[in-house]
Amino acid sequence: MRARNLHRYFQKLLQRADLEELRLTFHGLRHTCATLMLLSDVPVKVVSERLGHADVALTLRVYSHVLPSIQKNAADGLDQMLF
C-alpha cells in the first residue's frame with residue numbers, strides 16, 4: 001500500500017473510532033512501538049529487523065534518545081544480579 005493511501009486509510013479508521021482529535025499518525029505509532037520495544041529490553045537487532053531497517057546502525061541513530069535509559073536498565077540489572 002502506498003504511503004498516501006495508508007495515511008488516508010489510517011485517518012478513516014481513526015474517524016470511525018472517534019479518535020481523530022488525538023492527531024495520531026501511522027508513522028508516530030511506528031516510532032512509539034519501536035521506542036517501547038527498546039525500553040522493554042527487546043534487542044536492537046530484533047527491533048531493527050521488525051522496522052525493516054537495512055542495518056542496526058540506522059536504528060541506533062534514529063532511537064539514540066532511548067539509549068541512556070537502556071544503559072541504566074542494563075546497569076541496574078547487573079547490579080541486582082551481583083548484589
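For residues 28-39, no residue pair satisfies the salt bridge (charged side-chain N to carboxylate O under 4.0 Å, His left out) rule, not counting sequence neighbours. Within the structure, the salt bridge (charged side-chain N to carboxylate O under 4.0 Å, His left out) test picks out the following pairs touching residues 73-83 (sequence neighbours left out): Lys72-Asp76.
For Leu82, the side chain to side chain contact (heavy atoms under 4.5 Å, CB included) criterion is met by Leu78, not counting sequence neighbours.
The distance from the OH atom of Tyr9 to the CG atom of Asn5 is 12.0 Å, given to the nearest 0.5 Å.
Taking the side chain as every heavy atom from C-beta outward, Tyr63 and His65 approach each other to under 4.5 Å.
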Counting only pairs under 3.5 Å, give me each side-chain donor-acceptor contact of residues 12-27, with atom names and distances, residues two or more places apart or in other chains.
from	atom 1	to	atom 2	distance (Å)
Thr25	OG1	Gly28	N	2.8

Which atom pairs, donor and acceptor, lie under 3.5 Å between side-chain atoms of residues 38-47 and protein residues at least two apart or in another chain?
from	atom 1	to	atom 2	distance (Å)
Ser40	OG	Leu36	O	2.8
Lys45	NZ	Glu49	OE2	3.2

Can you give me every donor-acceptor pair (side chain of residues 51-61, partner residue at least two apart or in another chain, under 3.5 Å) with its distance?
from	atom 1	to	atom 2	distance (Å)
His53	ND1	Thr59	OG1	2.6
Asp55	OD1	Ala57	N	3.0
Asp55	OD1	Leu58	N	3.0
Thr59	OG1	Ser48	OG	3.0

